[in-house]
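Hydrogens, waters and symmetry mates are skipped; everything else that's a heavy atom, side chains included, is used. Below, read A as the first sequence line, B as the second, and so on, with proteins coming before strands; counting in each chain starts at 1. Because the structure is a prediction, the values reported are computed rather than measured.
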Amino acid sequence: MSNQPKGAIAGLGVTPMGKIYGRRSVDFAAEAIALALDDAGLQKSDIDGLLINANLSGDMDVRAQMTLGFENLSLVNVMSAYGSTAGSMMQYACMAIREGLAKTVVLVYADAPLSASRGAGQSYAGPHRYPLGGMAGLRAAYGNFGANAEYAMAARRHMHLYGTTPEQFGTIAVGQRKWAQLSPWAQMKQPMTMEDYYNSRFIAEPLRLFDCCLVSNGAVAVIVTSSERARDLRQKPVNVLGYAQCAPGDNLRTDRHPAVETGAKRSGEMAFRMAGITLDDIGTCQLYDCYTYTVLVTLEDYGFCAKGEGGAFVADGKLGPGGALPTNTGGGQLSGYYMWGFTPLSEAVVQARGQGGERQAPRNDFVLVSANGGILNFHSTIILSAQASGG
Amino acid sequence: MPQAATKPVPIPDDLSAPFFDGARDRKLMLQHCSACDSWSFPVRERCPHCFAAKLTWRQASGRGTLYTFTVMHQVMNPGFASAVPYNVAQVDLDEGVRMVSNVVGTGNDALRIGMKLEVVFEDVSDEIRIPKFRPVAG
Ligand SMILES: [Zn+2]
């Protein structure tokens with residue numbers, strides 16, 4: 001039996017995603033919050049807490065509280081552990097609610113890096129993003145920009161150690177595209193075959209374009225309250241049963257290998273212990289998938305298979321529609337939308353409620369969510385369940 | 001004709017100056033902690049292992065092995081437009097630190113994880129020289 005919930009998700013708002021130009025991050029945030037309030041059956045005046053995920057573009061700061069027009073918030077902050085922040089925001093919201101600091105807290109991620117005049121690949125690039133002072137300038141001098149190179153190197157290391165293949169990465173990409181075709185929110189609807197995967201251009205070997213996440217304009221908001229209060233609201237409450245973070249440290253020591261042994265291991269162990277369930281209870285996974293490789297290594301570190309066997313584990317297509325472990329059922333960041341940890345979190349809410357329609361996973365008693373930040377430097381895990389009782 | 005974009009050139013600051021000064025003299029300088037006898041990278045005031053403020057700059061062996069690498073195709077900076085495909089590598093130095101660099105003196109197709117490497121220095125401007133790595137002969 002699972003343990004008592006830490007809190008509950010009462011509302012979810014997901015805006016249209018992708019190449020929607022001319023709107024600011026904060027305006028997308030407002031739309032997502034309005035959608036989440038409607039979803040929960042709440043008024044804006046019911047909100048007394050606001051946690052903002054600092055975004056990749058850097059234009060969501062604490063002043064968003066004023067633009068959004070909130071009043072008398074008893075909890076407000078901007079949080080950042082890169083892509084893993086959604087999990088830490090969930091922790092702090094639930095803790096604050098249990099401590100009585102706030103009753104109903106909005107968590108929001110919004111970003112609008114895409115513009116009509118600039119390709120998606122340049123959205124987070126540009127000289128301003130790559131400082132030249134000190135040792136940071138050394139990275140730039142080597143042509144080591146952004147996350148692509150670093151994740152490519154992590155994937156290559158895994159391939160070297162364990163014989164992981166591009167075909168196995170491709171299976172993840174193809175499976176998630178199939179899911180995306182079933183999701184009204186997903187950006188990428190065109191079918192993708194394995195041949196398409198292999199034909200997509202190299203970004204940073206071994207990673208091809210279809211190994212890499214999308215770039216999205218849009219926002220996701222999630223409303224968190226106590227489990228008790230959530231029962232009186234419009235939607236079936238999605239209880240938060242467990243959560244944990246692990247930041248394994250940098251990879252700049254030869255005795256450390258976060259590229260192939262991630263924070264998913266420790267944070268997963270802690271979250272499962274807190275929830276009082278085991279891996280076998282998980283019906284669907286929503287895993288952070290900035291790259292196909294991230295899904296594979298996260299599955300290993302949570303213990304769905306042994307270290308090094310992630311490639312063989314995914315090779316039969318078990319993550320895709322009809323598979324034994326439906327994973328990233330909204331298409332994930334690869335084919336759905338890229339909202340950092342709010343991509344997996346938002347789809348997990350849909351799945352836990354049983355609102356997935358064509359993409360609904362058959363088992364949804366317990367949903368596993370991962371979020372990952374930096375170059376596998378930060379990890380958070382959330383376990384959700386809409387089961388009526390936590391105990 | 002418009003001038004081709006140039007690759008970014010690091011601008012040393014107070015903390016990193018010994019590294020870049022060393023590179024100008026073709027020496028790979030790293031911080032070493034006299035309290036716990038360990039090396040660290042990139043640069044900081046306090047040892048990340050034992051947290052003592054006893055870091056001094058010492059010349060490293062310049063020898064290591066290739067931990068992993070990528071071959072970059074995406075142009076993320078206009079200075080690298082004519083450089084793609086180029087490699088970015090993580091090199092495990094014998095001192096126990098891992099640094100990012102480029103492997104030179106061999107084709108990208110010849111890169112193998114675990115291969116032995118040694119430091120070489122390359123001018124990136126009149127003032128700045130940076131360490132890169134090449135396969136150890138034999
Ligand atoms: Zn020390």
Side-chain angles (χ1 to χ4, degrees), chain A residues 119-161 200-209 211-212 249-260 291 293 375, chain B residues 7-17 19-20 23 38-44 48-49 64-65 67-80 83-90 92-102 108 111-114 122 124-125 128 130-132:
Chain A
Q122 295 305 312
S123 298
Y124 293 116
H128 63 288
R129 290 197 62 84
Y130 304 117
L132 294 178
M135 299 304 266
L138 195 60
R139 292 171 57 87
Y142 294 132
N144 183 24
F145 304 106
N148 292 336
E150 297 280 350
Y151 273 91
M153 287 191 278
R156 169 92 65 185
R157 180 74 189 168
H158 197 279
M159 292 167 75
H160 169 77
L161 291 175
S200 70
R201 63 190 163 88
F202 275 125
I203 299 295
E205 292 181 50
L207 301 180
R208 294 171 163 84
L209 180 66
D211 287 302
C212 305
D250 70 28
N251 69 349
L252 299 176
R253 294 166 45 163
T254 58
D255 59 346
R256 269 200 202 144
H257 309 279
V260 292
Y291 301 89
Y293 171 65
I375 312 301
Chain B
K7 290 182 183 176
V9 176
I11 303 164
D13 55 13
D14 289 348
L15 199 54
S16 63
F19 179 88
F20 289 102
S38 66
W39 300 74
S40 57
F41 182 82
V43 295
R44 45 177 57 86
H49 303 267
T65 59
Y67 179 71
T68 186
F69 66 97
T70 181
V71 176
M72 286 296 291
H73 292 255
Q74 178 92 344
V75 178
M76 300 292 288
N77 178 292
F80 283 84
V84 290
Y86 63 90
N87 71 70
V88 176
Q90 289 175 2
D92 276 8
L93 299 178
D94 290 357
E95 286 76 10
V97 306
R98 183 175 299 139
M99 68 178 284
V100 169
S101 188
N102 306 126
N108 292 334
L111 297 176
R112 297 287 180 272
I113 289 176
E122 204 170 88
V124 294
S125 74
I128 301 294
I130 62 173
K132 295 195 172 183

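Side-chain contact between Gln74(B) and Arg201(A) is present, with at least one heavy-atom pair separated by less than 4.5 Å. Contact of the Arg98(B) side chain with the Asp250(A) side chain is not registered, since no non-hydrogen atoms from C-beta on lie closer than 4.5 Å. Counting heavy atoms from C-beta on, the side chains of Val88(B) and Met153(A) come closer than 4.5 Å. Side chains of Tyr142(A) and Lys132(B) form a contact here, defined as non-hydrogen atoms less than 4.5 Å apart.
Heavy atoms closer than 4.5 Å to chain A are found in the backbone of Val9(B), but not in its side chain. For chain A, the nearby parts of Pro131(B) are the backbone and the side chain; heavy atoms of each come within less than 4.5 Å. In this structure, the portion of Val75(B) lying under 4.5 Å from any heavy atom of chain A is its backbone and not its side chain. Proximity to chain A involves both the backbone and the side chain of Ile113(B), based on heavy atoms less than 4.5 angstrom apart. Of the atoms belonging to Ile128(B), not a single heavy atom falls under 4.5 Å from chain A. For a residue to count as touching a neighbouring chain, one of its non-hydrogen atoms must lie under 4.5 Å from one of that chain's; by this rule Asn251(A) touches chain B with backbone and side chain alike. Contacts between Ala89(B) and chain A at a heavy-atom distance below 4.5 Å involve the backbone alone (N, CA, C, O). In this structure, chain B has a heavy atom under 4.5 Å from the backbone of Arg256(A), while its side chain stays farther away. In this structure, the portions of Phe69(B) lying under 4.5 Å from any heavy atom of chain A include both its backbone and its side chain.
The two atoms that bring Ser16(B) and Gly134(A) nearest to each other are OG-CA, 3.3 Å, heavy atoms only. Considering all non-hydrogen atoms of both residues, Thr70(B) and Glu205(A) come closest at OG1-O, 2.5 Å. For the pair Gly143(A) and Met72(B), the tightest heavy-atom approach, listed with the atom from each and the gap, is O-CG, 4.4 Å. Residue Asp13(B) comes nearest to Gly133(A) through the heavy atom pair OD2-C, 4.4 Å, listed as atom of the first residue, atom of the second, then distance. Nearest heavy-atom pair, Tyr67(B) versus Arg157(A), reported as atom, atom and distance to 0.1 Å: O-NH1, 3.0 Å. Here the shortest heavy-atom pairing between Leu252(A) and Pro42(B) reads CD1-CD, 3.5 Å.
Phe41(B) contributes atom CZ, which lies 13.5 Å from atom OG1 of Thr254(A) (distance to the nearest 0.5 angstrom). Taking CD of Gln90(B) as the reference point, atom CZ of Arg156(A) lies at 12.0 Å (rounded to 0.5 Å). If you take CG on Asp92(B) and CG on Asp255(A), they are separated by 9.5 Å, rounding to the nearest 0.5 Å. Note that NE2 of His49(B) and CZ of Arg253(A) are 5.0 Å apart. Values are rounded to the nearest 0.5 Å. With values rounded to the nearest 0.5 angstrom, Met76(B) atom CE is found 8.0 Å from Phe145(A) atom CZ.
Heavy-atom pairs under 4.5 Å with chain A peak, among Pro48(B), Pro12(B), Ser101(B), at Ser101(B). Each of Ala140(A), Ala259(A), Ala155(A) has some count of heavy-atom pairs under 4.5 Å with chain B, and the biggest count is that of Ala140(A). When each of Asp14(B), Val97(B), Asn102(B) is checked for heavy-atom pairs under 4.5 Å with chain A, Asn102(B) comes out on top.
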Step-by-step side-chain contact (heavy atoms from CB on, under 4.5 Å) determination, Val100(B) to Glu150(A): CA-CA 10 Å; Val100(B) 169; Glu150(A) 297 280 350; 4.2 Å; yes

